[in-house]
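Protein chains get the first letters and strands the later ones, always in sequence-line order, with residue 1 at the start of each. Side-chain atoms are counted along with the backbone in the values below, which use heavy atoms only and exclude waters and symmetry mates. Just so we're clear, the structure is a prediction, and the values are computed from it rather than from any experiment.
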Amino acid sequence: MSAYEEIYAIIRQIPRGKVATYGQIAMKANRLGHARLVGYALHRLAPHQNDVPWHRVVNAKGEISYSIFRQGGDYLQRNLLEDEGVLFSPDEKINLKKYQWQPEP
DNA sequence: TTAGTGACGTCCC
DNA sequence: AGGGACGCCACTA
């Protein structure tokens, strides 16, 4: 089981209507402080891995982080989240206080 | 085997 | 308050 598969497994646990931050996932994957790995794992995520809710992963500020090379991707992610009931602030941010996933112990 | 790369987080002005 | 710089590890060619 590679480190990335661990990360994917954790992201799969994010419930519908909630979001998680990269740092949060890194922490649960026993990779404290390695948020970049989480980001890279998602970058490497193949399109057919539809069981991984990648759109529920945002940065620590509650903003959408997406590859700048994929144009329009941010719009797609926002759309998917709004579909699940996650509302955005006027400045395109998510209220983490309200929507951040709090993993069960 | 070595080097390059990549969806972030945090500290310091 | 806002912006800039650095660090970190896994994976591919």
S.K.: Can you check the A:L42 CG to B:dG9 C1' distance for me, whole Å?
M.R.: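 About 15 Å, once rounded to whole Å.
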S.K.: Of the non-hydrogen atoms in A:A35 and A:Y22, which two are nearest, and what is the gap between them?
M.R.: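 Closest heavy-atom pair between A:A35 and A:Y22: CB-CB, 3.9 Å.
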S.K.: Return the value, rounded to whole Å, for the distance between atom OH of A:Y22 and atom P of B:dG6.
M.R.: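 The distance from OH of A:Y22 to P of B:dG6 comes to 15 Å, rounded to the nearest Å.
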S.K.: Counting N and O atoms only, with roles assigned by atom type, does the side chain of A:E6 sit under 3.5 Å from a partner on the main chain of A:N30, one being a donor and the other an acceptor?
M.R.: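 No.
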S.K.: Using 30° and 60° as the class limits, which term best fits the ring planes of A:Y8 and A:Y4: parallel, tilted or perpendicular?
M.R.: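 Geometry flag for A:Y4 against A:Y8: tilted rings.
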S.K.: Can you build the contact string for nucleotides 7-13 of chain C? Use B for base contact, S for sugar-phosphate-only contact, and - for no protein heavy atom under 4.0 Å.
M.R.: BBBSSS-
S.K.: Under 4.5 Å between side-chain heavy atoms, hopping through other hydrophobics if needed: is there a path connecting A:I7 to A:Y40?
M.R.: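 Yes; tracing contacts between hydrophobic side chains, which count when under 4.5 Å, links both residues.
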S.K.: Nearest heavy-atom pair of A:L96 and A:N59: which atoms, and what distance?
M.R.: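 Of all heavy-atom pairs spanning A:L96 and A:N59, the closest is CD1-O, 4.3 Å.
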S.K.: Establish whether A:I64 and A:L87 are linked, either directly or via other cluster members, by ILVMFWY side-chain heavy-atom contacts under 4.5 Å.
M.R.: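 Yes; A:L87 is reachable from A:I64 via cluster members.
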S.K.: Tell me: CG of A:N59 to C1' of B:dA7, nearest whole Å?
M.R.: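 It is 9 Å, rounded to the nearest whole Å.
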S.K.: Mind calculating the distance between CG (A:L32) and C1' (B:dC8) to the nearest angstrom?
M.R.: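 After rounding, the reported distance stands at 13 Å.
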S.K.: What integer distance in Å separates A:K61:NZ from C:dG2:P?
M.R.: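 After rounding, the gap between these two atoms is 12 Å.
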